[in-house]
Amino acid sequence: MNFIGVYTWEHIRFMLAGLGITLQVALIAIVFSFIIGCLLGTIRYTKLPVISQLTAAVVEIIRNLPLLLIIFFTFFALPEIGIKLSVMNAAVVALTVFEAAMISEIVRSGLNSIDKGQIEAARSSGLTYLQTLQHIVLPQALRRMVPPMVSQFISLLKDTSLAVVISLGELMHNAQIINGQDVNFVVPILLLAAVMYFVVNFALSLLARRLEARQV
């Protein structure tokens, strides 16, 4: 193991660049998956005829597929039907689709956790169904969803490493490039990657615990 040869400023800068791509892809996917997941979860909660059932079917299909398969499909299969995406866009789309399905379940569970008595009281006071959802159900449910959503976002950040299979220049991709320079670099560079992942994910974990404590 050659720690001195690995931990040069050039290698560390290269790894930080990979971490930057990891965070960029994760952030974009988090934003879009949150929006889409909230929409899908709300549609399932409202139990709209046909639409709710179709949404549930799509969500269940995606949730039961491996993320790696979705990444392959996005990057290799979509071009066959005329949709060609860059490596980064393919990774973002795949992560967004997969995580939106996961988040939709968190949203649906959060909405279902609200006491039905509050909904009945709101309806009896003259509020419409949409007004009850907007002013009574969603504000309370969103507070309860925050900790599990942060946990899901941590999983999303770690899942970006799967995009190495389509050569996205993220953290693990850059680690592999440095690995290829010398067999003695394997352990040190993987340790460095592990530390970088740990620092980011541990910070998010602390955030999740703090938010969860506020709900008690």
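The basis for the numbers below is simple: all heavy atoms, side chains too, and nothing from hydrogens, waters or symmetry mates.
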| message | Run the side chain to side chain donor-acceptor pair (under 3.5 Å) test against Ser109 and tell me which residues pass, sequence neighbours left out. | response |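 Expected list: none.
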Rounded to the nearest 0.5 Å, what separates atom [atom1] in [X] from atom [atom2] in [Y]?
X	Y	atom1	atom2	result
Ile36	Ile103	CD1	CD1	9.5 Å
Thr46	Arg108	OG1	CZ	11.5 Å
Leu111	Arg44	CG	CZ	11.5 Å
Asp159	Ile154	CG	CD1	12.0 Å
Ser104	Tyr45	OG	OH	15.5 Å
Leu39	Ile35	CG	CD1	10.0 Å

So do [Y] and [X] actually touch side chain to side chain, heavy atoms under 4.5 Å?
X	Y	result
Leu16	Met196	yes
Gln24	Ile21	yes
Met172	Tyr197	yes
Met102	Val59	no
Ser33	Leu156	yes
Glu60	Glu105	yes
Val165	Leu68	yes
Asn201	Lys158	yes

Is there a path of hydrophobic side-chain contacts, each under 4.5 Å between heavy atoms of I/L/V/M/F/W/Y residues, joining [Y] to [X]?
X	Y	answer
Phe98	Ile106	no
Leu168	Ile177	no
Leu190	Leu162	no
Leu67	Ile166	yes
Val87	Leu23	no

Do you know which two heavy atoms are closest between [X] and [Y], and how far apart they sit?
X	Y	answer
Ala29	Leu95	CB-CB, 3.9 Å
Ala100	Leu40	O-CD1, 4.5 Å
Ala101	Ile62	CB-CG2, 3.7 Å

Is a side-chain donor or acceptor of [X] paired with a backbone partner of [Y] at a separation under 3.5 angstrom?
X	Y	value
Asn174	Met15	no
Gln176	His173	no
Thr160	Leu157	yes

Residues, nucleotides or ligands: over 12 heavy atoms within 6.0 Å of [X] [atom1]:
X	atom1	answer
Phe34	CZ	no
Phe32	CZ	no
Ile51	CD1	no

| side chain to side chain contact (heavy atoms under 4.5 Å, CB included) evaluation trace for Leu78 with Thr74 | CA-CA 5 Å; Leu78 288 184; Thr74 305; 4.0 Å; yes
| request: For Leu204 and Phe153, run side chain to side chain contact (heavy atoms under 4.5 Å, CB included): C-alpha distance rounded to whole Å, both residues' side-chain angles, the deciding distance at 0.1 Å, then the answer. | output: CA-CA 9 Å; Leu204 290 174; Phe153 293 152; 5.6 Å; no
| Hey, are Arg63 and Glu99 close enough for a salt bridge, meaning a charged N less than 4.0 Å from a carboxylate O? |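 Salt bridge between Arg63 and Glu99, a charged N being under 4.0 Å from a carboxylate O: no.
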| Check against side chain to side chain contact (heavy atoms under 4.5 Å, CB included), Met149 and Val107 | CA-CA 9 Å; Met149 276 196 179; Val107 172; 3.5 Å; yes
| Candidate pair Leu85 and Phe75, rule side chain to side chain contact (heavy atoms under 4.5 Å, CB included), full reasoning | CA-CA 7 Å; Leu85 301 174; Phe75 189 67; 5.7 Å; no
